[in-house]
Each structure stands twice: as structure tokens, then as C-alpha cells.
Amino acid sequence: VTAIDERVPLLRPAPAVTEDNLFYWEAARDGRLVAQRCASCGKLRHPPRTGCPYCQSLDFEIAELSGDGEIYSYSLLWHPRSPRFSYPVIAILVDLAEGVRVVSNLVGSEPADVRIGLPVRVEFDPCDGGLAVPVFRARAATA
Amino acid sequence: VTGLGGKAAIVGAGQTEFSKEAGRSETRLANEAILAALADAGLAVADVDGLVSYTIDPVEETELARGLGIPEIRWSSRVPYGGGGSQGVLLHAAAAVAAGAADTVVAYRAVKARSGNRFGAARSGVASSSSHSGTTAGQWAAPYGVLTPASWMSLNATRYMHQFGVTNEDFGRAVVQLRGYAATNPNARFFGRPITLDDHQASRWIAEPAIRLFDCCQETDGAVAFIITSSERGAATRAPVTIAAAGGAALLEQEIATDHYSADLSLMDSSAALARQLFDRGDIKRSDIDLAMIYDAFSPILFMQLEGLGFCGYGEAKDFIADGALGPDGALPCNTNGGLIGEGYIHGLNLTLEAVRQLRGDAANQLSQVRTALVSASRTGVILSR
């Protein structure tokens, strides 16, 4: 058992960075939300992968995303608990405007306010390893 | 019947006790379960020439063969997708036997999911990309505190509830039935401990609004093993159970316990694809199924599989279950050992064990007239018959 020093706020754990997803996490570190766009058929895809699942092309570009989307599903995670997070964790699936989906967290809202269909916008939260991860905040419905 | 149907049989089944702390290694547990299965089959260690387990099983084939004294292994295999792939060990074994790659295959799973690496622990320090576990949770979920199978699955379950107006109380009605079966199964972790719907609703939230504590399977220590051989050789054994159909359907974007990226997460597409493998390619109909054993790591996936498999329409599982369908006298008796929620969690293989027992007529909660049983683990499944 490792003693946790509660005076030191713990960051989120770093993602497992691989050769195939490095571009995504480097972009997130720089405050940009991106996805792969097939250089052949033009379709977006996420999570990153080596080839296009629609046309099998291995060539891709890195597309900048607007960062706007809406909550497709959510869950308030109560147990078990990691010292790296405050509970309940508000886990969300976000359908981004461009048509890809990401797993993330809702920040800046009370747990009771999360709902399917809630419009959200990306921001970035630091994690271990000098990296950052995309998270989402509710945006006004009229924005 | 096409393909593998009817060519292979389960001729022996064995297990260790299911507990919170086995106090011995997974290899030892596998060794014990396999010896019990061989004794049940009336076969000798020297008859075994094939081995199959899960990719994430910790037992090394070499150590297991040493402990058992298997003189020559001609064929071995492992199946990915965790518990979703659990019934794949029977698909692999039947395929090996049908092809002549092996004569007598041992299919096994040994796990210390309670006293060893707890599946439900919040391990944020481990963020591996795969490690043969078939999931990219370390890359895409761990940084968000989505650390456990319950948390992965709950994101799908919330969408399911939203889509079809299902509540956690609906899930609770299924759990009460499962705990009722477990209460009269001496092999079950929850033997003698039935619950009411109020008990279920009073259990703490794990992942709100989908999963309470009582919606979760029991992390368990133990092992289960089966002996599979050809139907011809099996005919000479005590109580052969025919593998009437076996199938797999791992769809694009699916991971272990998750599929966060398919268009509509309220539908369990893998179950629909599995049903096509099991029912559309053979001559067994849904109405022939006397017993369904359905992978219930968490109660919502029981509902979603019932619908995907076609036993009721999409969104109708809550009414199907409220009408008592899963009970011993219901339309589809289901998980009569208590399921993974009530009996324990040997990663899905104890569901197959219960199907074998029901077909042989020696289950704790024995149904009358069980001739055909389905075992579904969402993306792999078998139909067994006697």
C-alpha cells in the first residue's frame, strides 16, 4: 500500500501513448482536439488506428476539430475510488460535431446537471507525463 | 445443422470451489478442475492432446501440462475478448476436434479475481494499451477515471436506459430472480441469501444511474474445466452433451466490456450477430431453447443480450423480465445457478457448467425437460443439447 500525501494534488493518470496515437496526445498537450482524416476517402475516425476502416488506405491527415459536441451518454462513477479523482467522476461520451465520439469528463457542472443531449465544448486538463487530456464543459444552448 | 454443429461433445465437466480466497495458485486451481473434469468423463490424462483457454488466463500451458502429466499436446489455442470470448473456448475446441487437429481437448479458465488482481479495482497506475486484454481502456478511458469494467459498461447502459425508458429498478427485478436461484444453489457465493427489490434499491451506487452494487457480478476465485472430444468418441462416455452450435461475432469497434464508438450503443449488435451464427445457420430455433445462460457481469447486459439475441424485442426486456420470464416456470428460464451475479464469476465458464448440469439433470435448481440450452457471452456462444 502506497501512502498518499493529500497535500499534493494528484493529476490524472497519463494515457498509454503508442506510436499510433502519439499525434492525438501531442495535439492535446498543445490544446488542440484532432482526429484522423483518411487522405483517400476523407472520412474521419476515432480512436486512432493504422488504416482507414472504410477504404483501407494507410494515408491520413490530422484534422482540427471544432471541439463542440453533445453528450451521447454519461455515468456518475461512485466506486471504486482512485485518489487521483474526485467523486462522483462524471464520465461522458461526447458526439462531436464532426461525427466522431470520444470518452471524456464533464467539468464545471454539478453531477445532477449532466444529461444526454447537453451541448458541450472542449477544454484541456493536465495529466501525468506533462500531457493534457480533452475534457468538456457545458455551453449555453444558444451559443 | 451446418458447420461444427453436432461434431463435438462436452464429455466431462469439473470445477474447484468458488470462494473469496482460494489460497493456492491459478495453475493449481486449473489442475484440480481438469482432474475433476477427466474423472467426470472417465478419461485419463494421457487421452488429452489439446488445450484452450483465454488470452488473459494466467496459467502457463507448460506448467499446467507438467502438473497434470500430459505426455503430448498436439494443439493449443487461446481466445481473446475476456469474458465476452468465454464461449469461444468451446468453439475452438469443437473446431479442433472436427478438423482432427486434436482428439481430446481441455478447455479451462482459472482465476483469482477476488484475492488476486481484482477486476473491479481502480488501477489508475496501470495504463497499458492492450496486454492481450483486447481493450484500449488505458489509452482512452483511464485518464478520465473510467477504470473498471462496470464504469466502461455503464456508459452503454445509461444510453440503453435513455433510449427505452428503462430504470435501475427494472434491472433489480432480474437481480432478485438471480439471487433467488443462487439462494438455493449450494455452489453459489450467495447461497442462502436471497434479496428483495428493496434490498437491491438500497445497495449503493457503483455507476449511477445504471449499476448498483447488487447489479455487479461477484469477483471470485476458482476454476472450471471441460473435456471436449468427438461426438463418436463421446458416445462411449457417461453423459455426453453435444455442442449443437458454436459461434463468434466480434464486431468492429468492440473491446472487452465496452463498445463506446458504434453508432447506436443501446443495441447489443454483437448478440444479434451471434444469434445469426447460432440460429440462422442451423436448424435450432429460439423456441427450442429450454434454458438460457447469459453473461451477466452486470445486470444491464443481461437485458441487452436478451434483446439482441431476439428472445424479445428491443426495449422489451424489462417487461419480459417483469412477467417472470427468467424464472423456473417462465418463458425462458435463465441463469438458474444464480448467474455470475449470484453464483460467482469464473469469467463466464461457470455459466456453461450450469448448462451441462441442467442438460444432464443434476443441477441444484433442476428444471424439468431441458434438452437444449443456449450459453451467450455477447460475442461468443454455444447451443448445447442432449
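So that the names make sense, note that chain A is the first sequence line, chain B the second, and so on, each numbered from 1. Everything numeric here is computed off the predicted structure, so don't read it as measured data.
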Requested in this report: Step through the shown structure and confirm whether more than 12 heavy atoms of other residues, nucleotides or ligands are within 6.0 Å of CD on A:Gln56.
Outcome: yes
Centre of A:Tyr72's six-membered ring, under 6.0 Å away, within 45 degrees of the axis: is that where NZ or CZ of B:Arg159 sits?
-> yes
Whatever's closer than 4.5 Å to a heavy atom in chain B on A:Val133 counts as both
In this structure, CG of B:Leu302 is separated from CD of B:Glu307 (nearest 0.5 Å) by 10.0 Å
Distance col, row B:Arg114:CZ vs B:Gln218:CD, nearest 0.5 angstrom, shows 8.0 Å
When the 4.5 angstrom heavy-atom criterion is applied to A:Ile92 and chain B, the contacting part is backbone
Open item on the list: Can you confirm whether more than 12 heavy atoms, excluding those of B:Arg24, are under 6.0 Å from its CZ atom?
Closed with: yes
* For B:Arg109 and B:Ser86, test the side chains for any donor-to-acceptor distance below 3.5 angstrom and give the result as yes or no. => no
So salt bridge (Lys or Arg N to Asp or Glu O under 4.0 Å) across residues 34-58 of chain A, not counting sequence neighbours, yields A:Arg49-B:Glu253
Max heavy-atom pairs within cutoff under 4.5 Å with chain B, candidates A:Ile90, A:Asn105, A:Val89, goes to A:Asn105
*Pair A:Asp95 + A:Arg101: basic N to acidic O under 4.0 Å*: yes
With sequence neighbours left out, the residues meeting ring pair (Phe, Tyr, Trp, His ring centres under 6.0 Å) with A:Tyr74 are none
| Salt bridge flag under 4.0 Å for residues B:Arg179 and B:Asp199 | no
Checking heavy-atom separations under 4.5 Å from chain B, one finds in residues 20-31 of chain A A:Asn21, A:Tyr24, A:Trp25
According to the interplanar angle, ranging from 0 to 90°, do the rings of B:Phe214 and B:His200 count as parallel (below 30°), tilted (30 to 60°) or perpendicular (above 60°)? tilted
The interface call for B:Ile211 against chain A, heavy-atom contacts under 4.5 Å, is neither
Highest number of heavy-atom pairs under 4.5 Å with chain B among A:Pro88, A:Ser104, A:Cys127 belongs to A:Ser104
The interface call for B:Ala157 against chain A, heavy-atom contacts under 4.5 Å, is neither
Under 4.5 Å to a heavy atom of chain A? For B:Ala263 that would be backbone
Among residues 59-68 of chain A, those lying within the under-4.5 Å heavy-atom range of chain B are none
One should read off an interatomic distance between B:Asp259 CG and B:Leu155 CG, to the nearest 0.5 angstrom, of 11.5 Å
* Asked: Are the ring centres of B:Tyr345 and B:His347 closer than 6.0 Å?
  -> yes
